Amino acid sequence: MSSETNQHILIVGGAGYIGSVLVRVLLEQGYRVRVLDALLYDNHSAIADLLNNPSFSFIHGDLCDEATVREALRDVTDVVLLAALVGDPVCKKYPDLAQQINDIGTIHLIDQLVGRDIKHLVFMSTCSNYGLRETDSEAREDAELNPQSLYAETKVKVERYLLESTSRFDFASTILRCATAYGLSPRMRFDLTINEFTRELALGRDLLVYDADTWRPYCHVNDISRAIGLVLDAEPSAVAEQVFNVGSPGENYTKRMVVELLQQRLPSAQVRFQEGKVDPRNYRVDFSRIADRLGFRAKVTLTDFVVELIDVINKGRFADGDDQKRFYRNS
Ligand SMILES: NC(=O)c1ccc[n+]([C@@H]2O[C@H](COP(=O)([O-])OP(=O)(O)OC[C@H]3O[C@@H](n4cnc5c(N)ncnc54)[C@H](O)[C@@H]3O)[C@@H](O)[C@H]2O)c1
């Protein structure tokens, strides 16, 4: 990526867990970046240190508000859509708001992009859309979607809208179905499996794990940000109307495998397992398309990261996690 780009990227939801890492990756790559974010979790500190950067601008507002979106789109060349109520629990708790933001508001925002000379739209979707797979095979992008929650249903709805409306669009739209994220971020989330399990066990707490033999893919937040950067850097014709799974071969795990990996580093860790179909999702995912077409290779493995997070927690960082639940969790 050259540092002479004229691309000016709007990241909607850029103060969140993935967004606040992505913003820094794109600024380093020479892009100008604007964030539109409603700061639902009082997460202003995740981008506060960027406010003096001349290549960065911030608009505090709601993606559902048409005038705010119009202002945010001024002079922008590309849009990354991250904002949503993210995760099954928060969508279940606030179902009307989830529909309003993740579905109705997001689709309305997409419609507002037409006629603005936008080059790329990257829509952040999720591998959760594969939901409950009846087979052990890894899901490719053309596999049947089987959402198990309102969260995934709203993501599937926007995906369908994007794929069915392409004739009306004058920009290249790309859907990224992302593995469950882990890693350090200026807006840390400890309601994500790897971050949560590692923190709880590193702090010497008992961990209760539901549905331990269900599979999921995982990907580091820096690698996810690099994948988004690859799409923004690609020729629009190479990524238009495309769906890519974002993750890495060999990085599908059951929760039991994650626990075993953690217990190798934390031998006294106490874990109880409970079968209860609390979370029925069970999916393994194939990541060859993004590797073959965009050359994406993840740099971090789950094994690397748990060592890093245990070390960080042992040094006392995130000791305030329980006091700052709102900042560290989507609930
Ligand atoms: N974190 C993961 O494991 C994961 C995995 C797959 C896909 N994704 C997708 O990646 C995206 C980002 O996830 P995240 O983990 O960073 O979530 P997050 O909750 O940390 O970030 C979302 C951000 O969007 C903002 N936002 C929410 N509603 C808004 C609105 N109406 N207007 C403006 N801003 C609003 C929030 O304030 C927050 O800063 C989401 O679309 C999510 O579905 C995440």
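Model, not experiment: these values are computed from the prediction. Order of appearance sets the numbers: ligands from 1, and atoms from 1 within every ligand.
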Using a threshold of 4.0 angstrom between heavy atoms of the protein and any atom of ligand 1, which residues qualify?
-> Gly13, Ala15, Gly16, Tyr17, Ile18, Asp37, Ala38, Leu39, Leu40, Tyr41, Asn43, Gly61, Asp62, Leu63, Leu82, Ala83, Ala84, Val86, Ile101, Met124, Ser125, Thr126, Tyr151, Lys155, Cys178, Ala179, Thr180, Ala181, Arg187, Arg189, Leu192, Asn330
Pair Arg24 + Asp49: basic N to acidic O under 4.0 Å = yes
Is it the case that Tyr161 and Asp111 place a side-chain donor and acceptor less than 3.5 Å from each other?
-> yes
Going by atom types only, do Thr301 and Asp304 share a side-chain donor-acceptor pair under 3.5 Å?
->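 Distance-only check passes for Thr301 and Asp304.
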Check whether any side-chain N or O of Lys255 sits under 3.5 Å from a backbone N or O of Tyr210 as a donor-acceptor pair, and report yes or no.
-> yes
Using the six-membered ring of Tyr41, assess whether NZ or CZ of Arg187 lies under 6.0 Å from its centre and within 45 degrees of the ring axis.
-> yes
Summary of salt bridge (charged side-chain N to carboxylate O under 4.0 Å, His left out) pairs that have at least one residue in residues 94-108, sequence neighbours excluded | Asp103-Lys157
